Number of protein chains: 2
Amino acid sequence: MKKKRNTTIKDLARRLDISVSTVSRALRDAPDVNYETKQQVLALAEQLNYKRNMLATSLVSKRTYNIGVIVPELSVPFFGYAISGIQQTLYEYGYKMLIGHTSEQFKLEQDSVQMMIDNQVDGIIISVSKDTEDYQHLHQAKEEDIPVVMFDRVIPELQQVFSNVIVDDKDGAFNATAHLIEHGYKRIAHISGPKNLYISQKRIEGYKEALEMYNIGFQSEYLIHCNLRVDAATATEQLLRLPEPPDAIFAINDPVAFEILHYLNELGVKVPEEIGVVGYTGDPMGRLFNPSLTSIRQPSAMMGSKAAELLIKEINHKHNPATKNLPFEHSTIILPTELITGRSSVKKRL
Amino acid sequence: MKKKRNTTIKDLARRLDISVSTVSRALRDAPDVNYETKQQVLALAEQLNYKRNMLATSLVSKRTYNIGVIVPELSVPFFGYAISGIQQTLYEYGYKMLIGHTSEQFKLEQDSVQMMIDNQVDGIIISVSKDTEDYQHLHQAKEEDIPVVMFDRVIPELQQVFSNVIVDDKDGAFNATAHLIEHGYKRIAHISGPKNLYISQKRIEGYKEALEMYNIGFQSEYLIHCNLRVDAATATEQLLRLPEPPDAIFAINDPVAFEILHYLNELGVKVPEEIGVVGYTGDPMGRLFNPSLTSIRQPSAMMGSKAAELLIKEINHKHNPATKNLPFEHSTIILPTELITGRSSVKKRL
DNA sequence: TTGTAGGCGTTATCAG
DNA sequence: CTGATAACGCCTACAA
């Protein structure tokens with residue numbers, strides 16, 4: 001409860017009767033300090049429980065070791081896992097994590113980015129909201145010389161400007177669709193997400209490519225965009241009302257797939273017998289559903305971890321005297337997905 | 001990409017030919033500044049896109065407006081919602097959120113707290129890990145004069161030292177158990193969590209109290225502790241092996257309940273006909289299960305929000321010259337729970 | 001109301 | 001290898 005002042009390098013200097021610069025050097029083991037002096041400093045620092053004041057250090061070095069992480073939702077497991085991955089890697093490298101969540105609102109995303117900039121984070125990791133169509137805020141971070149890494153929900157136009165971590169969405173969607181076809185489903189529908197999300201587009205591409213590959217004509221009424229989980233049920237209903245309803249649904253992600261499974265169950269529609277369902281995400285929760293959900297697994301924690309690594313790489317690049325004036329080569333890491341076979345897409349043998 | 005220096009109060013002072021102190025005063029509208037001077041400063045600041053450097057401010061004021069939030073898991077929806085609530089409230093008050101997650105490991109919890117302290121956060125909001133039995137790290141925060149607020153997973157011994165936000169766990173558990181009894185179940189088991197978690201204890205109390213109230217004898221073999229979701233299935237199996245297996249299970253939380261539902265389903269045990277199940281948390285996901293899960297709903301986002309409010313209140317208290325020397329009255333906010341009736345505990349009428 | 005000067009804790013530059 | 005000294009950007013007595 002008492003407000004005892006923390007010991008500073010001045011205190012150490014005074015007690016050892018040396019200058020603060022020497023103490024400072026010793027403390028961050030600079031090359032040019034006498035070994036014994038350093039030992040003394042270190043010993044006293046230990047004894048007096050000295051703790052470097054990051055604020056002061058940051059003030060002069062212009063590095064905060066703070067990383068801003070911005071996601072559209074905090075309660076969606078995918079992002080929870082991704083953030084865990086980010087946090088773990090950042091932690092290993094001595095960085096801290098500042099969180100901003102946007103609730104899928106573009107305005108809050110802008111605010112978050114601005115807040116991060118104002119706060120002088122060393123970098124930003126972001127997965128954009130579903131309404132993000134203007135990239136001014138991201139460009140501003142760039143102008144402030146703050147590296148940005150995007151993951152999962154990336155923006156293709158910015159691929160050369162920022163590093164990215166994604167999965168091969170087209171490929172994953174292809175596999176999901178092909179899996180349904182190979183398991184005997186003929187009329188495959190796809191409940192997609194918001195149109196402007198790149199992941200929606202890529203997954204649609206994969207879906208269409210699979211249909212084509214198997215010589216199944218694409219039917220536009222089988223492709224529905226929905227506002228993620230909130231109206232997944234409505235979308236499903238719409239599909240069932242079709243003159244010729246689909247016999248399988250590939251969902252943009254697991255939250256949507258869960259809603260679909262639930263809705264079909266309410267209606268008494270049998271899954272997988274009458275309708276097959278495949279999701280995308282690979283939320284471990286899918287295993288617990290009845291029937292368990294077939295899904296395309298995205299390595300969420302790994303995605304976060306890779307994003308953090310890319311970011312730190314870029315930060316180091318711009319602080320390394322040898323490379324700081326060279327342009328940084330932005331890369332896009334594409335992680336593999338994996339088909340997790342559940343029972344929602346596998347009819348029992350005849 | 002170019003590293004243009006940000007404008008500082010010195011720049012403003014120079015351009016207006018006044019002193020930095022005046023600028024400083026104008027910028028944070030101190031009482032003693034001439035109105036017109038202030039307007040000029042503000043205008044120029046706007047024009048030059050001046051942004052206060054928080055690091056410098058923090059260095060002198062000793063306030064960072066950073067709040068550390070430490071949770072055992074990031075991928076558990078309950079904490080996701082709670083963090084959303086925390087974040088939203090902190091944001092309203094101009095605070096930022098630093099996140100630490102412990103993966104339920106005590107060591108990481110200690111590290112997190114230490115990191116927060118080193119980083120001079122203005123306060124800490126924490127829900128402890130299941131292995132936390134030593135409170136030294138929390139006391140240390142106290143010694144550094146950093147307010148701490150605990151939520152959900154609190155520590156009763158520290159109730160007078162910190163503020164807390166919880167639900168009435170005993171009451172909730174009572175209601176869950178009573179609900180099962182009133183729906184015709186006779187042999188109610190309880191799969192509890194780690195023994196040293198206070199919430200486990202309180203929920204057990206509520207469970208026992210309900211049994212007593214309805215004159216049902218407590219049977220120790222019906223009470224099993226499990227390591228949260230990882231061995232919920234094992235615990236269930238153990239119950240089913242009993243000479244006289246229970247006909248209902250009250251689970252410590254929803255993740256465990258989900259595992260139970262899944263496990264029973266795998267075995268072909270009918271829920272709710274053969275066994276009734278009730279969870280605790282009120283995860284919206286429970287609605288999607290088949291059968292939907294009856295659960296005790298905790299207002300997760302609200303808990304987070306309240307925790308943030310309590311914390312900010314305490315921070316303000318210690319910075320307000322009028323109150324800073326008075327002891328702060330720690331309070332424990334107890335939020336109400338609500339029984340969400342699903343189908344997992346309601347047998348169809350005979 | 002405004003300015004001066006000193007300080008917050010650390011790092012960096014440049015002599016010695 | 002070590003020590004002054006000047007930043008970093010802002011705040012705050014104390015004077016004027």
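Quick caveat, the model's predicted, so the values are computed rather than measured. Residue numbers begin at 1 in each chain, while the letters A, B, ... track the order of the sequences.
At C/dT10, one or more side-chain N or O atoms of A/Tyr50 fall inside 4.0 Å of OP1 or OP2 (strictly under the cut-off). A sub-4.0 Å separation between OP1 or OP2 of C/dT11 and a side-chain N or O of A/Ser24 is present. Note on A/Arg28: a side-chain N or O is less than 4.0 Å away from OP1 or OP2 of C/dT11. The shortest distance between the side-chain N/O atoms of A/Lys10 and the OP1/OP2 oxygens of C/dG7 is not below 4.0 Å. Listed pair B/Ser19 / C/dG3 meets the phosphate criterion, a side-chain N or O lying under 4.0 Å from OP1 or OP2.
Rounded to whole angstrom, the span from the CG atom of A/Leu55 across to the C1' atom of C/dT10 amounts to 11 Å. Here the P atom of nucleotide C/dG9 and the CG atom of A/Leu48 are 14 Å apart, to the nearest Å. Rounded to whole Å, the distance from NZ on B/Lys51 to C1' on D/dC10 is 17 Å. Counting to the nearest Å, the C1' atom of D/dC8 and the CG atom of A/Leu59 are 4 Å from each other. In this structure, A/Leu27 places its CG atom 14 Å from P of C/dG9, rounding to the nearest Å. In this structure, B/Arg52 atom CZ and D/dC8 atom P are separated by 19 Å, rounded to whole Å. Following rounding to the nearest Å, B/Met54 (CE) and D/dG9 (P) show an atom-to-atom distance of 15 Å. At whole-Å resolution of the value, CD1 in A/Ile9 and P in D/dG3 are 13 Å apart.
Classified by interplanar angle (parallel below 30°, tilted 30° to 60°, perpendicular above 60°), the ring pair B/Tyr95/B/Tyr65 is tilted.
Between A/His101 and B/Tyr91, the ring centre distance reaches or exceeds 6.0 Å. A ring-centre distance under 6.0 Å is found for B/His330 and B/Phe328.
Residue B/Thr37 is the one, among B/Thr37 and A/Arg25, whose nearest nucleotide of DNA chain C lies closer to the 5' end (criterion: closest heavy atom). DNA chain C is contacted by both B/Lys62 and B/Ile18; B/Ile18 maps to the nucleotide lying nearer its 5′ end (nearest heavy atom per residue). Projected onto DNA chain D by closest heavy-atom contact, A/Val20 and A/Pro31 fall at different nucleotides, the more 5' of which corresponds to A/Pro31.
A/Asp134 and A/Gln110 are not linked by any side-chain donor-acceptor pair at a separation below 3.5 angstrom, with hydrogens and angles left out of the test. Side-chain contact annotation: A/Tyr50 with A/Asn6, donor-acceptor N/O pair under 3.5 Å absent.
Looking at the side chain of A/Thr57, the nearest of the listed nucleotides D/dC10, D/dT2, C/dT10 is C/dT10.
Residue contacts shown for B/Ser21 include a base, since a base heavy atom lies under 4.0 Å away. Among the atoms of the strands shown, base atoms are found under 4.0 Å from some heavy atom of A/Asp32.
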